[in-house]
Visitor: 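Pasting a structure below so you can have a look.
Order of the sequence lines fixes the chain letters, A, B, ..., with proteins taken first and strands second; residue numbering starts at 1 for each chain. Because the structure is a prediction, the values reported are computed rather than measured.
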2 protein chains.
Amino acid sequence: MPPERNRRRIPDATVSRLPVYLRILGEQADEGVDSISSERLAELAGVNAAKVRKDLSYLGSYGTRGVGYEVGYLVYQIRRELGLTHDWPVVIVGAGNLGQALAGYGGFGERGFPVAGVVDVDPAKVGTVLGGVRVRHIDELPQIVQTKRVNIGVVATPPHAAQDAAERLVAAGVTSILNFAPVVLAVPRAIEVRKVDLAVELQILSYHEQRKASLHAVPGAGAGAVSRPASA
Amino acid sequence: MPPERNRRRIPDATVSRLPVYLRILGEQADEGVDSISSERLAELAGVNAAKVRKDLSYLGSYGTRGVGYEVGYLVYQIRRELGLTHDWPVVIVGAGNLGQALAGYGGFGERGFPVAGVVDVDPAKVGTVLGGVRVRHIDELPQIVQTKRVNIGVVATPPHAAQDAAERLVAAGVTSILNFAPVVLAVPRAIEVRKVDLAVELQILSYHEQRKASLHAVPGAGAGAVSRPASA
DNA sequence: CGGGCTTTGTGAACGTGTGCACGAATGCCT
DNA sequence: AGGCATTCGTGCACACGTTCACAAAGCCCG
């Protein structure tokens with residue numbers, strides 16, 4: 001008798017699209033739109049309409065047949081599902097080039113992820129101010145994480161320091177990590193890690209360029225056609 | 001008579017892992033390792049060994065049974081497949097916070113993607129120097145793209161300017177775009193677009209945090225266990 | 001030179017994600 | 001009130017990706 005594993009598991013692919021829908025819906029709301037069809041939302045998000053409906057169906061049946069979805073209510077439901085009903089403070093490890101840019105980038109706090117602190121190993125960087133936050137020494141990490149109730153850590157160190165940074169974050173109590181270092185982090189299973197790697201992205205583009213270059217004289221490859229949204 | 005569609009198409013999932021293997025193999029080579037098994041490489045890359053073998057098999061049969069893969073040769077083959085046998089100059093649109101960080105980040109050129117230019121619409125930013133490159137006006141984009149043979153463009157503008165930036169890049173002749181703006185770009189089909197969106201990544205982490213929080217009293221969720229590499 | 005050990009390469013099963021197509025529900029118009 | 005147009009929700013088939021399991025192929029050693 002399998003009663004019910006876990007309430008409602010949402011597929012990974014869907015979870016990664018919900019933030020996109022959310023942003024678009026927010027923009028539409030700002031423009032005064034209060035009802036939207038799956039077709040229109042799909043067009044704006046650059047995906048298939050059926051996919052939109054299936055994605056949204058995981059949240060529950062919040063649409064009205066023949067009409068569409070009520071924008072405001074949908075925004076509320078997606079925010080609730082993504083856990084965006086309250087702020088998630090983040091701590092940034094590494095005050096180098098990237099750490100500075102991240103701390104200085106205002107979009108963090110606006111979107112519900114205020115910077116609770118920036119830390120670095122280098123005593124020369126400690127004390128300098130970045131985007132309104134004073135850089136502290138990495139030894140203060142546990143204190144920051146605990147007093148500010150931080151669950152999400154950002155690794156913005158050079159590659160060789162990334163694993164150590166991750167271990168310190170985990171030891172301090174962080175359970176999710178956003179990793180900008182071009183390194184595969186080894187962490188306990190329970191820790192969620194997401195990676196952002198510039199070099200990887202560029203190399204994937206390079207692959208496609210190289211591919212186009214070697215397939216020069218192909219017939220049906222007319223690059224004309226109308227513009228169309230690109231997928232992620 | 002379907003003779004042979006296209007030489008060897010490599011699955012997207014594999015293409016996105018090849019850069020990771022490449023980096024690891026490079027590190028191993030630096031450490032003097034000249035032969036590696038799929039199992040070891042899998043461990044370092046945080047994936048399944050069978051996946052490594054299947055991925056590498058798309059490049060050809062470059063392993064030796066009972067022994068493993070010759071590191072140097074494998075590096076060569078992956079680089080060839082990814083089109084990394086020569087440099088791919090990139091042009092950055094947007095000299096704001098992010099554009100500055102990207103231009104200043106040395107890792108670009110080192111990894112075969114030299115910054116051929118940085119452009120901006122704001123005349124106040126034109127002329128300033130970023131990471132050794134003088135910022136030029138966006139009207140000079142076509143000239144930069146053509147004289148420097150640029151195929152890859154980077155969109156590092158605010159959201160509202162991103163679509164325009166993309167259109168200018170395409171008009172100038174760029175065929176691949178790396179988009180940092182939280183916007184779905186509409187471009188011709190032939191243009192390859194990859195997106196890097198901080199907010200999306202953080203919101204995905206938020207989802208998982210929220211999920212953990214609501215599933216508090218679950219039995220088999222012992223967060224102990226040994227460390228293990230995390231997947232991308 | 002043959003047996004045993006190791007590791008690759010891949011067929012096959014399984015799981016996840018995508019997209020079509022259509023029934024079901026709803027609003028609008030006459 | 002009834003019919004019609006619209007749009008959601010979802011079953012189903014297919015494509016893609018992952019993992020297992022094992023035969024084939026090579027090395028080493030006695």
Visitor: Taking the side chain from B:Ser35 and the backbone from B:Glu70, do they hold a donor-acceptor pair closer than 3.5 Å?
Guide: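 Judged by distance alone, no pair lies under 3.5 Å.
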
Visitor: Using a cut-off of 6.0 Å, state whether more than 12 heavy atoms not belonging to B:Gln163 lie near its atom CD.
Guide: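 Above 12, so yes.
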
Visitor: Any donor-acceptor pair under 3.5 Å linking the side-chain atoms of B:Ser176 with those of A:Glu209?
Guide: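 Yes, side-chain donor-acceptor contact under 3.5 Å.
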
Visitor: Find the distance B:Asn48:CG to D:dA21:P and express it as a whole number of Å.
Guide: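 So the two atoms are 12 Å apart, to the nearest Å.
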
Visitor: How many whole angstroms separate atom CG of A:Asp55 from atom P of C:dT18?
Guide: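 Computing the A:Asp55:CG to C:dT18:P distance gives 8 Å.
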
Visitor: Between A:Leu74 (CG) and D:dG9 (P), how many Å, whole number?
Guide: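 The distance from CG of A:Leu74 to P of D:dG9 comes to 10 Å, rounded to the nearest Å.
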
Visitor: Using a 4.0 Å heavy-atom cut-off across all strands, classify A:Arg40 as base, sugar-phosphate, or nothing.
Guide: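 Answer is nothing: A:Arg40 stays at 4.0 Å or more from every strand.
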
Visitor: Taking OP1 and OP2 of C:dT16, is either one under 4.0 Å from a side-chain nitrogen or oxygen of A:Arg9?
Guide: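 No, outside the criterion.
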
Visitor: Contact list please: residues 22-30 of chain B against DNA chain C, heavy atoms, distance less than 4.0 Å, in numerical order.
Guide: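 Listed by number, there are none.
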
Visitor: With no hydrogens and no angle check, do the side chains of A:Arg53 and A:Ser38 hold a donor and an acceptor under 3.5 Å apart?
Guide: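 Yes - a donor-acceptor pair under 3.5 Å links their side chains.
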
Visitor: So for atom CD, which belongs to A:Glu39, do other residues, nucleotides or ligands contribute more than 12 heavy atoms lying within a distance under 6.0 Å?
Guide: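 At most 12 heavy atoms, drawn from other residues, nucleotides or ligands, come within 6.0 Å of this atom.
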
Visitor: Could you list the donor-acceptor pairs under 3.5 angstrom formed by side chains in residues 27-34 of chain A, with sequence neighbours left out?
Guide:
none

Visitor: Taking CD from A:Glu70 and C1' from D:dC8, how many angstroms apart are they, rounded to a whole number?
Guide: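 Result: 16 Å.
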
Visitor: Go along nucleotides 7-15 of chain C 5' to 3' and tag each nucleotide: B for a protein heavy atom under 4.0 Å from its base, S when only backbone or sugar atoms are that close, - otherwise.
Guide: BBBBBB---

Visitor: Nearest-Å distance, NZ (A:Lys51) to P (C:dT16)?
Guide: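 Distance, rounded to whole Å: 17 Å.
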
Visitor: Would you please say whether a donor-acceptor pair under 3.5 Å links the side chains of B:Asp55 and B:Thr14?
Guide: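 Yes - a donor-acceptor pair under 3.5 Å links their side chains.
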
Visitor: Will you find, in the side chains of B:Gln77 and B:Glu81, an N or O donor that is under 3.5 Å from an N or O acceptor?
Guide: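 Note: B:Gln77 and B:Glu81 side chains miss the donor-acceptor criterion.
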
Visitor: Please give, in whole Å, the distance from D:dG17 C1' to B:Ile10 CD1?
Guide: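 Rounded to whole Å, this separation is 15 Å.
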
Visitor: Determine yes or no for a side-chain-to-main-chain donor-acceptor pair under 3.5 angstrom, with B:Lys148 supplying the side chain and B:Ala116 the backbone.
Guide: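 Pair found, side chain donor or acceptor close to backbone of B:Ala116.
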
